[in-house]
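No experiment lies behind these values; they were computed from the predicted model shown.
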Amino acid sequence: MSTDDDTDFGADEPGAVLGEEARAALAEIDDLPLAERAPAYDALAARLRDELEQSDPSRVSPR
């Protein structure tokens with residue numbers, strides 16, 4: 001069984017390189033009460049999606 005403590009977003013795993021800003025945002029979300037985490041993860045995902053779309057407009061996909 002997995003727990004929150006099992007999650008490691010370290011750069012030593014292939015494909016797991018995160019920017020410091022994203023790492024900090026995830027750490028802040030992990031500190032929230034459980035009931036508040038899902039909306040915070042959704043907001044972070046939306047923000048990252050928007051940033052990705054702005055950085056590569058040729059790959060914009062409709063929502």
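Here the CZ-CD1 distance, from Arg37 to Ile29, works out to 10.0 Å after rounding to the nearest 0.5 Å. Taking CG from Asp42 and CZ from Arg49, the interatomic distance works out to 8.5 Å, rounded to the nearest 0.5 Å. Atoms CG and CD, from Leu44 and Glu21 in turn, are 9.0 Å apart once rounded to the nearest 0.5 Å.
Under the 4.5 Å side-chain criterion, counting only non-hydrogen atoms from C-beta, Tyr41 is not in contact with Leu32.
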Next item on the list: Apply salt bridge (Lys or Arg N to Asp or Glu O under 4.0 Å) to Arg47 and Glu51, showing your working.
Entry: CA-CA 6 Å; Arg47 189 184 97 215; Glu51 288 178 16; 3.2 Å; yes

